[in-house]
Amino acid sequence: MSSAEDGAVKDEGGKGLSVTEEFANPSRRRFVTGATLGVALASAGIYEVIDKLATPPERAAVEADKPLPPEQYAIPTPRLIMDNGTGVESSNGTIPVLIPPLHNHVITATLKVSPSVKDLQEAQRHLESVIQGLEKRFPPPPSGLGVVVSWGLPYFQHYIPSLGRGSGYFKSGTHYPEYLPVDLMTSKQQGRAVYALQDARTYPSDQPPAGFGQVRLEQNHVAVLLRSDSLDNIMEGTNALFGTGSHQAGDLFEVTSIRRGFTGGGHTGQQSLASKLALEAGLPGARSIPAHAPIFLGFTSTIKSAESSTPVSNLETLPGWTDQWPNGYFKYGTIMPLSHLYSDLATWYGEGREGSREFPVYADRLRAMYRPGLSAPVGTVTVDPPVESEDDIFQRVRKTGSYGHNGSMQPVNRLRKATTSNYGVTYPVGTPVSNRGDFATLDNPFHYTSDPVGDHYSTQKAAGLHFLIFVPTSETFNRIRLAMDGYYPDGKRIDFSPRSPKAGLNAVVHTTHRQNFLIPPRSRRSFPLAEFLS
């Protein structure tokens with residue numbers, strides 16, 4: 001990876017380029033249309049400038065001999081600040097906000113491994129050895145490196161058709177999908193076995209940009225999430241996992257996409273990455289992004305009160321949610337829905353075409369992001385409104401003719417009664433069930449794709465979001481996502497179009513891709529269940 005001083009990057013000849021020049025001269029970037037996979041893996045493209053633009057957050061030191069948590073997706077030392085509403089840490093701040101890693105990358109792939117028992121079990125050992133090597137080299141995230149390996153339904157369908165060996169978890173001969181975690185609540189409601197990992201689906205408001213076609217429901221075998229405050233760490237992890245050297249794991253995978261992105265950078269008072277990079281890329285609407293906003297849409301999305309603690313999102317924690325307590329094979333695992341969305345910043349910030357300015361002033365955006373009737377000083381970035389009930393939402397719709405994005409989902413994303421977990425911890429009413437991990441991107445839609453035509457790949461930068469969330473079941477996400485469109489579990493529905501400007505921010509986000517993945521526990525992250533084949 002090239003290096004530079006004073007905020008510049010280097011071209012292949014070593015010449016210094018300003019950040020602006022890097023955007024303005026796409027021919028000089030190492031990743032262009034038709035670039036080989038090797039080039040795309042080795043280069044972070046424009047994201048290489050991030051470590052020059054943002055100071056890594058201060059993080060608590062990690063004890064050297066402290067074991068890693070059994071959950072892959074857990075971040076042992078998250079940074080918590082007190083925000084004063086501007087998106088900046090302050091001694092008089094009153095809103096607790098989590099600061100995620102600066103760099104977040106996802107690489108999806110299909111497998112090049114043959115389905116033979118010998119080859120799968122050898123691949124299992126090899127991948128685990130490579131990941132353990134990274135864990136010895138780097139402390140956990142955010143300051144070190146986080147590696148999260150997740151698996152899609154096509155992996156289980158194609159590679160684990162049945163289990164030849166019995167165990168304390170499964171009977172010999174158990175067939176797909178009967179070894180997957182069972183969603184107990186949904187199974188009871190539907191009168192049939194429903195599994196915690198389901199294929200992704202579309203939702204009423206799903207509407208890709210004109211000419212894009214239908215939302216792509218992907219069929220990858222695996223997705224690897226890499227997280228760190230250091231891009232160098234992520235690139236070293238990428239090389240180990242997807243390089244083809246003798247102690248690397250790339251021969252196992254056929255990479256289908258590389259999705260790079262970022263979060264934050266503004267909580268110290270400096271210009272945030274979302275604002276800086278959008279301006280440099282010349283994105284429509286960029287000049288209206290608040291200077292300290294961690295995401296393109298101008299608000300803080302990592303309010304602590306809206307995030308679950310890690311165990312709540314696990315498969316096994318909440319009684320009656322899945323069958324993984326007390327001794328499930330996937331105990332300490334979770335489900336990860338992954339999607340890509342474009343954000344129409346020009347419309348969002350009132351810079352759209354005449355006659356189509358749905359959100360002309362800050363109050364309109366505040367209403368759309370949270371709920372009608374909420375007030376805050378113009379320019380406020382961090383807002384933590386009280387959670388409303390489903391009845392409250394419908395009453396506001398009757399009164400104002402609109403609802404808010406965050407407000408619409410919270411009643412479904414929260415525990416409806418105080419719940420004592422299987423671990424003996426009592427969580428109060430309103431505890432969030434999900435844990436977000438999404439990040440902003442300039443990819444259009446991906447940094448690299450093996451199918452540029454099908455994915456509508458372009459070198460032109462675009463405001464987007466690689467959305468991912470950790471939930472106990474796929475159906476948990478379905479319920480939350482449907483509520484965003486005004487559809488609720490009890491059958492109630494808000495009766496105007498979910499693409500309307502009155503329906504939160506649905507009018508300015510456009511989903512292009514979706515897939516759901518199962519994240520096994522750390523101890524079973526590498527080719528799960530392959531050890532039971534015979």
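What you see is a predicted model; the values in this text were computed from it and never measured. Note that these values count all heavy atoms, side chains included, but never hydrogens, waters or copies made by symmetry.
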Exercise for the section: State, without any angle test, whether Thr476 and Thr473 hold a side-chain donor-acceptor pair at a distance under 3.5 Å. Expected result: yes
Handout entry: Intermediate values then yes/no, side chain to side chain donor-acceptor pair (under 3.5 Å), Glu351 and Ser288
Key = CA-CA 9 Å; Glu351 299 177 16; Ser288 296; 2.5 Å; yes
Practice task
Would you confirm whether Arg524, through its side chain, and Tyr329, through its main-chain N or O, come within 3.5 Å as a donor-acceptor pair?
Solution key: yes
Exercise for the section: Measure across Arg414 and Ala306 and return the closest heavy-atom pair with its distance rounded to 0.1 Å. Expected result: NH2-CA, 3.7 Å
Practice task
Consider only side-chain N and O atoms of Gln460 and Ser458, and report whether a donor and an acceptor are under 3.5 Å apart.
Solution key: no
Handout entry: Donor-acceptor pair, side chain of Tyr362 and main chain of Ala376, under 3.5 angstrom
Key = no
Handout entry: Ser150 (side chain) donor-acceptor with Phe517 (main chain) under 3.5 angstrom
Key = no
Handout entry: Geometric class of the Phe477/Tyr203 ring pair [parallel <30°, tilted 30-60°, perpendicular >60°]
Key = perpendicular
Completion exercise
Scanning both residues in full, the closest heavy-atom pair of Arg371 with Glu388 reads CD-OE1, 3.0 Å
Practice task
Classify the side-chain pair Asp443/His340 by whether it contains a donor and acceptor separated by less than 3.5 Å.
Solution key: no
Exercise for the section: For the pair Asp392 (side chain) and Ser389 (backbone), establish whether a donor and an acceptor sit closer than 3.5 Å, ignoring hydrogens and angles. Expected result: yes
Practice task
Show the numbers, then the answer: is there a side chain to side chain donor-acceptor pair (under 3.5 Å) between His456 and Asn444?
Solution key: CA-CA 8 Å; His456 294 254; Asn444 192 359; over 6 Å; no
Handout entry: Pair Thr334, Asn314: side-chain N/O donor-acceptor within cut-off below 3.5 Å
Key = no
Handout entry: Distance-only side-chain donor-acceptor flag, Gln198 / Asn516, under 3.5 Å
Key = no
Problem - Validation row: Leu482, Pro204 side chains within 4.5 angstrom (heavy atoms) - result: yes
Handout entry: Side chain Tyr169, main chain Tyr179, donor-acceptor under 3.5 Å
Key = no
Practice task
Return yes if a side-chain donor-acceptor contact under 3.5 Å exists between Thr317 and Asn422, otherwise no.
Solution key: no
Practice task
Look at the side chain of Ser408 and the backbone N and O of Gly404, then say whether any donor-acceptor pair between them is shorter than 3.5 Å.
Solution key: yes
Fill in the blank from the handout: Checking Leu145, Thr263, Asp51, Leu273 against His103 for side chain to side chain contact (heavy atoms under 4.5 Å, CB included), the one that qualifies is Asp51
Problem - Intermediate values then yes/no, side-chain contact (heavy atoms from CB on, under 4.5 Å), Ile335 and Ile519 - result: CA-CA 6 Å; Ile335 302 298; Ile519 299 177; over 6 Å; no
Handout entry: Sequence-distant partners of Tyr73, ring-ring contact (aromatic ring centres under 6.0 Å, His included), two or more places apart
Key = Phe470
Practice task
Kindly give the heavy-atom pair with the smallest separation between Tyr488 and Ile393, and that separation in Å.
Solution key: OH-CD1, 3.6 Å
Practice task
Could you tell me whether a side-chain N or O of Arg367 sits under 3.5 Å from a main-chain N or O of Pro372, the two making a donor and an acceptor?
Solution key: no
Exercise for the section: Please determine, by modelled atom types, if Thr256 and Asn220 share a side-chain donor-acceptor pair under 3.5 angstrom. Expected result: yes
Exercise for the section: Using distance alone, with no hydrogens and no angle criterion, decide if Thr449 and Ser257 have a side-chain donor and acceptor under 3.5 Å apart. Expected result: no
Handout entry: Backbone of Pro411 reached by a side-chain donor or acceptor of Glu390 within 3.5 Å
Key = no
Exercise for the section: Say whether, by atom type as modelled, one donor and one acceptor occur between the side chain of Ser500 and the main chain of Phe496 under 3.5 angstrom. Expected result: no
Completion exercise
Closest heavy-atom pair, Leu374 versus Pro385, reported as atoms and distance to 0.1 Å, is CD1-CB, 4.0 Å
Problem - Listed once per pair and sorted, the salt bridge (Lys or Arg N to Asp or Glu O under 4.0 Å) pairs that draw on residues 487-502, sequence neighbours left out - result: Asp391-Lys492
Problem - Stepwise side chain to side chain donor-acceptor pair (under 3.5 Å) test for Thr511 and Ser339 - result: CA-CA 7 Å; Thr511 304; Ser339 56; 5.6 Å; no
Exercise for the section: Could you check Val383 against Ile95 for side-chain contact (heavy atoms from CB on, under 4.5 Å), going step by step and ending with a plain yes or no? Expected result: CA-CA 8 Å; Val383 182; Ile95 304 175; 5.9 Å; no
Handout entry: Derivation of the side-chain contact (heavy atoms from CB on, under 4.5 Å) call for Arg259 and Ile107
Key = CA-CA 6 Å; Arg259 312 177 192 201; Ile107 300 175; over 6 Å; no
Handout entry: Heavy-atom side-chain proximity of Met82 to Asn92 below 4.5 angstrom
Key = no
Handout entry: Asn506 and His405 side chains, donor-acceptor separation under 3.5 Å
Key = no
Practice task
Please determine, by modelled atom types, if His513 and Asp455 share a side-chain donor-acceptor pair under 3.5 angstrom.
Solution key: yes
Handout entry: Under 3.5 Å side-chain donor-acceptor pair for Thr186 and Gln190
Key = no
Exercise for the section: Check step by step if side-chain contact (heavy atoms from CB on, under 4.5 Å) holds for Val312 and Tyr427. Expected result: CA-CA 9 Å; Val312 176; Tyr427 296 99; 3.5 Å; yes
Handout entry: Pair His105-Arg260, side-chain donor/acceptor within less than 3.5 Å
Key = yes
Exercise for the section: Please determine, by modelled atom types, if Ser143 and Asp229 share a side-chain donor-acceptor pair under 3.5 angstrom. Expected result: no
Practice task
Would you mind reporting whether Thr380 and Thr86 have side-chain heavy atoms less than 4.5 Å apart?
Solution key: no
Practice task
Test Tyr195 against every option in Val182, Leu518, Thr322, Asp323 by the side chain to side chain contact (heavy atoms under 4.5 Å, CB included) rule and name the one that passes.
Solution key: Val182
Handout entry: Expected output: side-chain His292 to main-chain Gly269 donor-acceptor under 3.5 Å
Key = yes
Problem - Under 3.5 Å side-chain donor-acceptor pair for Ser205 and Arg481 - result: yes
Practice task
Report yes or no: do Ser434 and Ser308 form a side-chain donor-acceptor pair below 3.5 Å?
Solution key: no
Practice task
Classify the ring geometry between Tyr423 and Tyr332 as parallel (under 30°), tilted (30 to 60°) or perpendicular (over 60°).
Solution key: parallel
Exercise for the section: Could you pull out the closest heavy-atom pair between Ala274 and Phe296, with the gap in Å? Expected result: O-CE2, 3.4 Å
Handout entry: Greater than 12 external heavy atoms within 6.0 Å of Gln157's CD
Key = yes
Exercise for the section: With Arg396 as the cation and Tyr403 as the aromatic partner, state whether NZ or CZ is under 6.0 Å from the six-membered ring centre and within 45° of the axis. Expected result: no
Exercise for the section: Applying salt bridge (Lys or Arg N to Asp or Glu O under 4.0 Å), run through Arg514 and Asp206 and close with a yes or a no. Expected result: CA-CA 11 Å; Arg514 293 190 189 281; Asp206 276 348; 2.7 Å; yes
Exercise for the section: Using the test ring-ring contact (aromatic ring centres under 6.0 Å, His included), find all partners of Trp348 that sit at least two apart in sequence or belong to another chain. Expected result: Phe359
